[in-house]
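Below is one structure, written out as structure tokens, with a few remarks after it.
Just so we're on the same page: letters track the sequence lines, and every chain starts at 1. All of these numbers come straight from a predicted model, not from anything done at the bench.
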Protein chains: 2
Amino acid sequence: MADQAIQIGELSRRTGCNIETIRYYERIGLMPAPPRRGRYRSYGGEDVGRLGFVRRARELGFTLDEVRALLGLAASGQASCAEVRDLAASHLQDVRARIADLKRMERVLAGSVRACDAGQDPGCPLIHALYAV
Amino acid sequence: MADQAIQIGELSRRTGCNIETIRYYERIGLMPAPPRRGRYRSYGGEDVGRLGFVRRARELGFTLDEVRALLGLAASGQASCAEVRDLAASHLQDVRARIADLKRMERVLAGSVRACDAGQDPGCPLIHALYAV
DNA sequence: ATGCCATCTGTAGCGACTACAGACTCAAGC
DNA sequence: GCTTGAGTCTGTAGTCGCTACAGATGGCAT
């Protein structure tokens, strides 16, 4: 069986999640408090799965609260697919809004850098842009 | 003259910057501590300009440390244009990297939502994607 | 016995604000 | 003169998602 007990360091290695972060997730109730072998936390295969889930959801930009919700929905079987979809769709809107924001920044910055390189402006084009809109 | 003394509320209104944030900027030394009229902070036209500068730089995504640097360079005259350009160019790289990150998220999310809408998968496609990569 | 690494708990720090509580100042209305 | 209300003051603590310690144990190899 692949389900032998591992320590926190091994869990960290398998999931790519920092040890301090794992303990943090436990503290805030995102990961369950595992049994102890002596004083050391003892994890099993389920924990590797759950933590991997958390990490991938985080990589998609879900907040920890959203991850918590996703975990709940994942546990509640397939009836919840619509709810998962809605959560994802609303998060997708967030992501798109942030992309739009960043693209606006990008345009302005790129324009200023170009103006700087052109060197027409008597002062500094970016400073100029920041001082008066 | 447009340089009459205004209170913090008016400064807030003119710059669109939260009152608490203005005091925060003063605490961390980004804005100078203004003179007082009685106990109340008394600002002038320069402060409106400086705070506007800060706010616009923040809108372009510069960190407060970068803003501090930009303020220093802005004060030091036009010799510093090259330095400003470098700061902006390096920040532009950051912004582009973040856009790339978000676009990756967007692709995955949009794909999952689509898969959900298609409804082929027996389980939930997003949950599925999160559980196994 | 001695190293040495891993793990433990608990606390504080980051960035950039934001949100109070509880005191005060000031001008206007009655 | 007295009250009311809006504005301002200081100081502290909370947010999010970690990250970084300090200082104490645990367990194994030499």
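- Taking 4.0 Å as the cut-off between side-chain N and carboxylate O, A:R13 and A:E10 count as a salt-bridged pair.
- No salt bridge links A:D117 with A:R114; every basic N to acidic carboxylate O contact stays at or beyond 4.0 Å.
- Side-chain N/O atoms of B:Y40 and base N/O atoms of D:dG7 include a donor-acceptor pair closer than 3.5 Å.
- Side chain of A:S80 to backbone of A:E83: no donor-acceptor contact under 3.5 angstrom is found.
- In this entry the distance linking CD of A:E26 with C1' of C:dT7 reads 13 Å, nearest Å.
- Two residues, A:F62 and B:R27, neighbour DNA chain D, and the one matched to the more 5' nucleotide by heavy-atom proximity is B:R27.
- At the phosphate of C:dC17, OP1 or OP2 sits under 4.0 Å from a side-chain N or O atom of B:R58.
- Contact annotation: A:R39 side-chain N/O to C:dC8 OP1/OP2 distance is not under 4.0 Å.
- When heavy atoms are screened at a 4.0 angstrom cut-off, A:G9 is found touching the sugar-phosphate backbone but no base atom.
- A salt bridge links A:E20 with A:R23; the closest basic N to acidic carboxylate O contact falls under 4.0 Å.
- Regarding contacts with the backbone of C:dA16, every side-chain N or O of B:T21 stays at 4.0 angstrom or more from both OP1 and OP2.
- When rounded to the nearest whole Å, the span between CE of B:M31 and C1' of C:dA16 equals 16 Å.
- Look at B:R41 and you'll find a side-chain N or O under 4.0 angstrom from OP1 or OP2 of D:dT10.
- Distance B:R68 CZ to C:dA16 C1': 12 Å, rounded to the nearest Å.
- A straight line from CD1 of A:I22 to P of C:dA6 spans 14 Å, rounded to a whole angstrom.
- Candidate nucleotides C:dA19, C:dT7, C:dC17 were compared by shortest atom distance to the side chain of A:I8, and C:dT7 ranks first.
- Taking side-chain N and O atoms only, B:N18 has a distance below 4.0 Å to OP1 or OP2 of C:dT18.
- Summarising the geometry, the separation between OH on A:Y43 and P on C:dA6 is reported as 16 Å, rounded to the nearest angstrom.
- Comparing A:R13 and B:T63, the nucleotide of DNA chain C nearest to each residue sits closer to the 5' end for A:R13.
- Among the protein residues, B:Y25 comes within range of the sugar-phosphate backbone only, with heavy atoms under 4.0 Å from sugar or phosphate atoms but none that close to a base.
- Each of B:G38 and B:D65 has a nearest nucleotide on DNA chain C; the 5'-most of these lies closest to B:D65.
- Remark: B:D65 engages B:R68 in a salt bridge, criterion side-chain N to carboxylate O under 4.0 Å.
- A:L30 has its CG atom 11 Å from the C1' atom of D:dG17, to the nearest Å.
- Residue contacts shown for A:I19 are limited to sugar-phosphate atoms, with no base heavy atom under 4.0 Å away.
- Atom-to-atom, CD of B:E20 to P of D:dT10 comes out at 12 Å; the value is rounded to the nearest Å.
- Base engagement by A:R23 is indicated by at least one non-hydrogen atom pair under 4.0 Å involving a base atom.
- For B:Y24 against C:dT18, a side-chain-to-base donor-acceptor contact under 3.5 Å is absent.
- The side chain to side chain contact (heavy atoms under 4.5 Å, CB included) with A:P32 is formed by just one residue from the set A:R50, A:E46, A:E26; it is A:R50.
- For the pair B:R37 and D:dC9, the criterion of a side-chain N or O lying under 4.0 Å from OP1 or OP2 is not met.
- Backbone-only contact: B:R36 has heavy atoms under 4.0 Å from sugar-phosphate atoms and none from a base.
- Atom CG of A:L11 is separated from atom C1' of C:dA6 by 14 Å (rounded to the nearest Å).
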